[in-house]
Number of protein chains: 2
Amino acid sequence: VADRLSEFGLIAKYFVPLATHQGALSLSDDAAVLQEEAERDLIVTADALTAGVHFLPDDPPDLIASKALRVNLSDLAAKGAEPAGYLLALALPHSIDDAWLTEFARGLAGDQKEFGISLLGGDTTATPGPLTIAITALGHVPRSAMIRRSGAKPGDSVFVSGTVGDAGAGLAIRQGRRCEGADAAFLVARYRQPTPRLNLGLALRGVASASLDVSDGLIADLGHIAETSGVRIVVEANAIPRSPALCRFDPDVVRAATAGDDYEIAFTASRPMPSNLPANPNVTRIGHVEPGQGVVLIDGHGREIAVDKAGFAHF
Amino acid sequence: VADRLSEFGLIAKYFVPLATHQGALSLSDDAAVLQEEAERDLIVTADALTAGVHFLPDDPPDLIASKALRVNLSDLAAKGAEPAGYLLALALPHSIDDAWLTEFARGLAGDQKEFGISLLGGDTTATPGPLTIAITALGHVPRSAMIRRSGAKPGDSVFVSGTVGDAGAGLAIRQGRRCEGADAAFLVARYRQPTPRLNLGLALRGVASASLDVSDGLIADLGHIAETSGVRIVVEANAIPRSPALCRFDPDVVRAATAGDDYEIAFTASRPMPSNLPANPNVTRIGHVEPGQGVVLIDGHGREIAVDKAGFAHF
């Protein structure tokens, strides 16, 4: 790429076709422009992925692109926001070639169509280091409707969408742990390409008292809700939803509850089970909120299960 | 840093104090929230800087931070936008220590105060590669008031703010070219810490027919206006404003007109000189717009001066 395409050529070839929003101005200007609306809030979030840290350099480029976008859409989902668009800052090592970029752009195009969003802008630079993808995602909620982390109250129930621990198992398999066939394919796919729970997020507006997406691990992330809400969260280990594939691969519930990268939504609500949630993903009640602080995992007899490592830490 | 601070500890120590906007939620949530307004547009831009490409790894950390922020504010300025806040995605090599981060955060804090903005969110990761700073900046204009690149018309005059070529000379000095005393200090400072022309940008709303900031080089950037506007731009070499320090260091006007990193504003307007511009920075008329395409640089006799390299290219 270094020898064949200028920065502008690269943008024209791969990224201008992704700038479908009128306000992206076909990436031909210094900035994008979006009309604001009365009685609406802008929700904005940024997440960066680095090769070797957040994905494996030999992961398929379309899935790398998709994951980078989806982890940001997952944040919007957890806030009850409707996604509008994103900006992409890409630092490319010299090893990246046309074939790679073609697949990378194809991955973004597929997700743009699936989630109804557009590339709004960004920046492409060369780097002597690993591939880095920094995305800022923008979305909207009606005024004051963002679901925060800070609203959990004693007496609330605790829920999580989908299944937990699959992505961590998928990473372990990619790193050499033995698993084959359909189970391996399922678990690796859960690691490589999370599903942002956008429809669930919309349904949780006015329903969830607190919400976030599970990126660092279920226990660690519920810890963020406990801390910002000033409450204690009790999680029943037996209630944590796990996929059949995960149970066959690794029956350890603590590992499932502390593995990262699931991008499910964990939330609290005052009702034992909110009504009018979408049929997909499944939502499971996994515990309750008490006065106090921190997160505890309990077994079927109400005894606390020791958790050494509450979640993934980069440093 | 790797051994002493978690990602959360690092955010709490260095970045939460920068999240002064209420909607940043003290960086304790998945996203920031900003109230929208009727009859207003959101302007959004992203620029990333990589050590060794956009700044030198041993540049002072507070100035690295300031430059990363200011190149984004410069884009907002060129669009006539009032800055609101920014998101910061930081990829930190393991060599970065507390002293470095303290200075880096101090640089951001100073600029936040100077330009009235807040950190709204972001992401901090470790990288085996060079330091990378990806910033997304948000600003506002009244509905439809963004100054685009595409509005230049034949008969318009062409202007640039401040002086051109200083930053390129500053980089050459940092890379070993001989220059001493006050001239060297001035030129290096122009490279290390650009001045976003925000007041000028506000004054150009409804006045400039097209505008952008000069980051790749005056001729290259005017080429973007010529291309998106479908016009030809004629620049008079003798009119290009250059600082006394630059003229002493390097009298070559072509190098000044093709050096990057100045972050001045180049714009077109229908009047020979717009009135009611701020006193600072100085604005100079440097040419005019014709039917046709491309950019030409002419001497005092109207003869075209050959320009080999129109501006900086990363690839």
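Everything numeric here is computed off the predicted structure, so don't read it as measured data. Just so it is clear: chains get the letters A, B, ... in the order the sequence lines come, proteins before strands, and each one is counted from 1.
For A:Arg143, the part sitting under 4.5 Å from any heavy atom of chain B is the side chain, from C-beta outward, and nothing else. For A:Ser28, the parts sitting under 4.5 Å from any heavy atom of chain B are the backbone and the side chain alike. Heavy atoms closer than 4.5 Å to chain B are found in the side chain of A:Leu25, but not in its backbone. Both the backbone and the side chain of B:Asp213 come within contact range of chain A, each with at least one heavy atom under 4.5 Å from a heavy atom of that chain. For A:Leu138, the part sitting under 4.5 Å from any heavy atom of chain B is the side chain, from C-beta outward, and nothing else. If you measure heavy-atom distances from B:Ala89 to chain A, the contacts under 4.5 Å come from the side chain alone. Looking at A:Ser211, the atoms closer than 4.5 Å to chain B (heavy atoms on both sides) all sit in the backbone: N, CA, C or O.
Here the side chains of A:Lys79 and A:Val141 are not in contact, with every heavy-atom distance at 4.5 Å or above. Side-chain contact between B:Leu101 and B:Lys13 is absent, with no heavy-atom pair separated by less than 4.5 Å. Between A:Asn72 and A:Tyr86, the closest side-chain pair of non-hydrogen atoms is not below 4.5 Å. The closest side-chain heavy-atom distance from B:Tyr14 to B:Asp98 is below 4.5 Å. With contacts defined as side-chain heavy-atom distances shorter than 4.5 Å, the pair B:Pro130/A:Thr127 qualifies.
Side-chain contact of A:His140 with B:Glu36: a donor-acceptor pair under 3.5 Å is present, judged by distance alone.
Contact check on B:Asp29 versus A:Arg148 returns no salt bridge, with no Lys/Arg side-chain nitrogen under 4.0 Å from an Asp/Glu carboxylate oxygen. One finds no salt bridge joining A:Lys67 and A:Asp59 here, because no Lys/Arg side-chain nitrogen approaches an Asp/Glu carboxylate oxygen to under 4.0 Å.
Looking only at heavy-atom pairs under 4.5 Å with chain A, the residue among B:Glu227, B:Glu39, B:His224 that has the most is B:His224. Taking chain B as the reference chain and counting heavy-atom pairs below 4.5 Å, the highest number among A:Thr50, A:Ile135, A:Leu76 is found for A:Thr50. Ranked by heavy-atom pairs shorter than 4.5 Å toward chain A, the options B:Thr45, B:Leu88, B:Leu87, B:Val44 are led by B:Val44. Chain A forms the most heavy-atom pairs under 4.5 Å with one residue out of B:Gly129, B:Ala31, B:Gly23, and that residue is B:Ala31. Counting heavy-atom pairs closer than 4.5 Å to chain A, the top residue among B:Asp75, B:Leu34, B:Leu212 is B:Leu34. For the set B:Asp47, B:Thr136, B:Asp41, the entry with the most heavy-atom pairs within less than 4.5 Å of chain A is B:Asp41.
Annotation for B:Gly80 and B:Arg205: closest pair O-NE, 2.6 Å, computed over non-hydrogen atoms.
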